[in-house]
Amino acid sequence: MFQNLFSFEGRIRRTEYGISFIIYAICYLVIISIIPGGSAVSMVAFLGFIPLLWFFWSQGAKRCHDLGKSGWFQIIPFYFIALLFFDGEAGENQYGDNPKGIGASFDPADYQSPFSPPQSQSTESYSETKE
């Protein structure tokens with residue numbers, strides 16, 4: 001979670017987008033409360049909007065990608081509600097793997113049962129050491 005915060009590539013889950021939305025709202029309120037001062041601090045606070053907006057737009061684009069849409073869909077009014085509540089596409093899409101891991105291909109050769117003996121030890125050597 002929260003890898004490549006400022007990148008517009010990839011996919012993220014609803015949880016990460018929701019937390020990003022809350023972080024954005026809190027930072028926005030802090031910056032707005034500083035700006036009315038009219039001092040040099042308010043100008044620096046105003047410059048804080050640039051990375052804040054970049055962060056929010058990049059997270060929104062990745063969430064759009066999870067739904068199988070272009071990142072430009074986030075400029076549709078009230079589309080953020082869909083980003084918060086709609087489930088992403090299962091499996092891999094053109095924007096990358098599913099962040100939940102659902103729909104990923106399963107290769108039985110990679111699976112090792114926790115109840116089977118280790119691969120490096122044969123059953124013959126196990127019975128010899130037991131006697």
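Residues satisfying the side chain to side chain contact (heavy atoms under 4.5 Å, CB included) test with F86, not counting sequence neighbours, are L67, A82. Take F8 and apply the ring-ring contact (aromatic ring centres under 6.0 Å, His included) test, not counting sequence neighbours, and it matches W54. Every residue meeting the side chain to side chain contact (heavy atoms under 4.5 Å, CB included) condition with F56, not counting sequence neighbours, appears here in chain and number order: Y17, F21, Y24. Remark: I81 engages F78, F85 in a side chain to side chain contact (heavy atoms under 4.5 Å, CB included) (not counting sequence neighbours). Scanning for side chain to side chain contact (heavy atoms under 4.5 Å, CB included) contacts around D97 gives E92, with sequence neighbours left out.
Side-chain heavy atoms closer than 4.5 Å link hydrophobic residues (I, L, V, M, F, W, Y) into clusters, and following such links, possibly through other members, connects L53 to I12. Cluster membership for I76 and W57, using ILVMFWY side-chain heavy atoms within less than 4.5 angstrom, is shared.
Relative orientation of the Y28 and F49 rings is tilted, given thresholds of 30° and 60° on the angle between their planes.
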| query | Where do D87 and K100 land on the salt bridge (charged side-chain N to carboxylate O under 4.0 Å, His left out) test, with the steps shown first? | reply | CA-CA 11 Å; D87 198 14; K100 290 183 181 179; 2.9 Å; yes
| task | Mind running side chain to side chain contact (heavy atoms under 4.5 Å, CB included) on L83 and C64 for me, showing each step along the way? | result | CA-CA 7 Å; L83 297 177; C64 287; 3.7 Å; yes
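Taking CZ from R63 and OG from S20, the interatomic distance works out to 11.0 Å, rounded to the nearest 0.5 Å. Between C27 atom SG and I32 atom CD1 the span is 12.0 Å, to the nearest 0.5 Å. For the atom pair CZ (R14) and CD1 (I19), the distance works out to 13.0 Å, reported to the nearest 0.5 Å. Note: N4 CG to E9 CD = 9.0 Å, rounded to the nearest 0.5 Å.
Within the structure, the side-chain hydrogen bond (donor to acceptor under 3.5 Å, both in side chains) test picks out no pair touching residues 70-84 (sequence neighbours left out).
The shortest side-chain heavy-atom distance between R11 and H65 falls under the 4.5 Å cut-off.
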